[in-house]
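Inspection log for the structure reproduced underneath, given as C-alpha cells.
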Amino acid sequence: MKPLYPLALLYEGLVRFRNRLYSAGMRPVVRLKHPVISVGNLTMGGTGKTPTVIELGRILQNSGLKISVLSRGYRGKHRGGPLLVSDGQQILTNARTAGDEALVIARNLPKALVVVARDRGEGGKWLENRFAVEVHLLDDGFQHLKLHRDLNLLLIDVSNPFAGGMPPLGHLREPLEAIRRADCVILTRTERGHHYDDLIHQLRQYQPEVPFFQASQEIVSGRDLGQTLSFPIENLNGKNMIAFAGIANPSQFFSLLRRSDLRLMDTLSFPDHHEYKKADLERIKTSCREKGVDVCITTEKDAEKLEPGEFVPLRVVSSKVVFEFNDLDAVRKLMLNRVGVLT
C-alpha cells in the first residue's frame with residue numbers, strides 16, 4: 001500500500017461527508033433571483049475553465065442576454081465583500097487585487113458584469129441589487145454547493161481526466177461519483193478527428209444519460225504587452241521565440257503554440273497564478289540572451305501581471321486562445337432552454 005493512501009482515503013471521506021450535508025439539506029443553499037449556469041471541474045488545476053466561461057458568455061450575450069460572471073478571485077489580494085471588476089463598461093481594478101482569471105474574463109467579455117467574491121451567492125445578490133442582469137455564470141463552481149445552480153456544466157480534460165486520484169496522491173477534488181451532479185459534461189483539450197468513446201463509456205457509469213460535448217482550443221491572435229490592438233498569430237511564424245507561463249498546465253499551452261507552427265527555442269514554467277518577481281524576469285531575459293531571441297510569448301493570464309517596461313528591449317506577446325465546441329448550436333440550446341429563454 002502506498003504510504004500516502006490513508007491520507008487520500010481521509011481526504012475522500014471528508015469530501016463525501018461535506019457533500020452529503022448539502023444533499024441532505026443540512027447546509028443552507030442560496031438561490032439567486034436569476035438563473036445560474038455553473039462551470040467547473042473535478043480536478044485541481046487547469047481544464048480550460050476560463051476560456052469556457054468566455055465562450056459561454058459570448059453565446060449568451062449573442063442571444064441578447066445580460067450576463068454576470070461570479071468569480072472567486074483566486075490568488076487576488078482582495079478580502080472582504082464583493083468586488084466589482086467590470087461594470088459592463090470599464091474595468092475597475094487590476095489582476096493583483098482581483099486575480100488574473102477575473103481580469104481575463106472581463107477583458108474578453110467587455111459588456112459583462114464581473115464580480116469577485118469568496119461567497120459567490122453574496123456576490124450575485126450584490127449585483128442583482130445594483131444592476132440589470134438576466135443570467136449568472138458561476139466560474140469554477142462545481143464544488144461551490146452553497147449556491148443553487150440551474151445548469152451544472154462539468155469540464156473534464158481528456159489529457160488527464162482523473163489527475164492521479166485524491167490528494168495527496170493526485171489532484172482530484174472529489175470522488176468520481178460527483179459526476180452525477182452534472183447536467184452536461186464537456187470534454188476539453190480534445191483534438192479534431194479523435195474519438196473518446198472509452199473515456200465517455202467510463203464516465204457514463206456514473207451518469208448514464210448525461211450529454212457529452214467536445215471542445216478544442218486554438219491560439220488565434222497575439223497582442224504586444226501594453227497594447228490593445230491584436231494581430232493574427234501567423235504574423236509570428238518564422239520568428240525564434242521563448243514561451244513562458246505560470247498556469248496550471250504550462251505544457252498544454254506550449255503544445256498549442258507548437259501546433260500553431262510557432263518556433264519555440266525554450267519554454268519556462270512557473271507555478272499556477274505566479275506573481276512574477278525580479279528574479280523570474282531575469283531568468284526569462286537570460287534564456288532569451290542564451291538562445292539569441294528577442295521575442296517572448298505568454299498567456300493572457302500571465303500578461304495581466306506584467307508591465308512592458310520590465311522587459312525592455314524584449315518584445316512580449318500575449319496569446320489569445322479561443323474555445324470551439326463540436327456542436328455549438330446544441331450547447332446554445334441547452335443553456336437557453338435551462339434559463340427559460342427557449343421552451
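All figures in this text were calculated on a predicted structure; none of them were measured in a lab. Along the sequence shown, residues carry numbers from 1.
- A 6.0 Å sphere centred on CZ of R204 holds more than 12 heavy atoms belonging to other residues, nucleotides or ligands.
- Ring-plane geometry between F323 and F325 is classed as perpendicular, the angle between the planes exceeding 60 degrees on a 0 to 90 degree scale with a lower cut at 30.
- Nearest approach of L32 to L147, heavy atoms of both residues: CG-CD1, 3.9 Å.
- For an aromatic pair to be called close, the ring centres must be under 6.0 Å apart, and F244 with Y276 satisfies this.
- With rounding to the nearest 0.5 angstrom, the CD1 atom of I156 is 8.0 Å from the CG atom of L176.
- Proximity of K146 to V30: side-chain heavy atoms (C-beta onward) are nowhere separated by under 4.5 Å.
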Checking side-chain contact (heavy atoms from CB on, under 4.5 Å) for the pair K33/K125: CA distance, chi angles, key distance, verdict? CA-CA 8 Å; K33 296 176 184 177; K125 287 182 178 180; over 6 Å; no
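- A distance of 10.5 Å separates CG in L225 from CG in D302, rounded to the nearest 0.5 Å.
- Remark: K285 NZ is packed, more than 12 non-hydrogen atoms of other residues, nucleotides or ligands lying under 6.0 Å away.
- A donor-acceptor pair is defined here as one N or O able to donate and one able to accept, closer than 3.5 Å; such a pair exists between the side chain of R79 and the backbone of G76.
- A donor-acceptor pair is defined here as one N or O able to donate and one able to accept, closer than 3.5 Å; no such pair exists between the side chain of Q214 and the backbone of N326.
- With hydrogens and angles left out, the side-chain atoms of T286 and R289 include a donor and acceptor closer than 3.5 Å.
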Stepwise side-chain contact (heavy atoms from CB on, under 4.5 Å) test for L10 and Y5: CA-CA 9 Å; L10 175 61; Y5 187 68; over 6 Å; no
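- Interatomic distance, CG of L21 versus CG of L145, reported as 10.5 Å (0.5 Å rounding).
- For R16 and N19, the side-chain atoms include no donor-acceptor pair closer than 3.5 Å.
- For the residue pair N41 and T47, a side-chain donor N or O sits within less than 3.5 Å of a side-chain acceptor on the partner.
- Taken together through direct or relayed side-chain contacts under 4.5 Å among Ile, Leu, Val, Met, Phe, Trp and Tyr, I186 and L172 form parts of separate hydrophobic clusters.
- To the nearest 0.5 Å, atom NE2 of residue H148 and atom CZ of residue R31 are 3.5 Å apart.
- Remark: the backbone N or O of L109 is not paired with any side-chain donor or acceptor of R58 at under 3.5 angstrom.
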Should L56 and V39 be marked as a side-chain contact (heavy atoms from CB on, under 4.5 Å) after you check the CA-CA gap, both sets of side-chain angles, and the distance that decides it? CA-CA 9 Å; L56 295 177; V39 180; 3.6 Å; yes
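- N237 and S260 make their closest contact through OD1-O, 3.5 Å (heavy atoms, listed as atom of the first residue, atom of the second, distance).
- The two residues P82 and E122 have their closest heavy-atom pair at CD-OE2, 3.6 Å.
- There is no side-chain donor-acceptor pair under 3.5 Å between Q207 and R180.
- In terms of modelled atom types and a separation under 3.5 Å, the side chain of R149 and the main chain of G141 share a donor-acceptor contact.
- Side-chain contact, Q217 with T188: no donor N or O sits under 3.5 Å from an acceptor N or O.
- Taking both residues in full, the closest heavy atoms of K305 and A95 are given as CG-CB, 4.1 Å, listed atom of the first, atom of the second, then distance.
- Distance check, rounded to the nearest 0.5 Å: OG of S38 to NE2 of H144 gives 9.5 Å.
- Remark: H274 NE2 is packed, more than 12 non-hydrogen atoms of other residues, nucleotides or ligands lying under 6.0 Å away.
- Looking at L154 and L42, their side chains come closer than 4.5 Å, going by heavy atoms from C-beta outward.
- Looking only at distances, no side-chain donor or acceptor of S318 sits under 3.5 Å from a matching main-chain atom of T299.
- With a 4.5 Å cut-off on side-chain heavy atoms, V115 and V69 do not count as touching.
- Side-chain contact between T50 and D140: absent, with no pair of heavy atoms (C-beta onward) separated by less than 4.5 Å.
- For the residue pair H136/S68, the side-chain donor-acceptor check at 3.5 Å is satisfied.
- One finds the CG atom of D87 at 13.0 Å from the CZ atom of R130 (value rounded to the nearest 0.5 Å).
- Taking a 6.0 Å sphere around CG of D198, one finds it holds 12 or fewer heavy atoms contributed by other residues, nucleotides or ligands.
- Listed here is the closest heavy atom pair of A132 and L113: O-CD1, 4.1 Å.
- In plain terms, the two heavy atoms of I247 and P250 that are nearest each other are O-CD, 3.4 Å.
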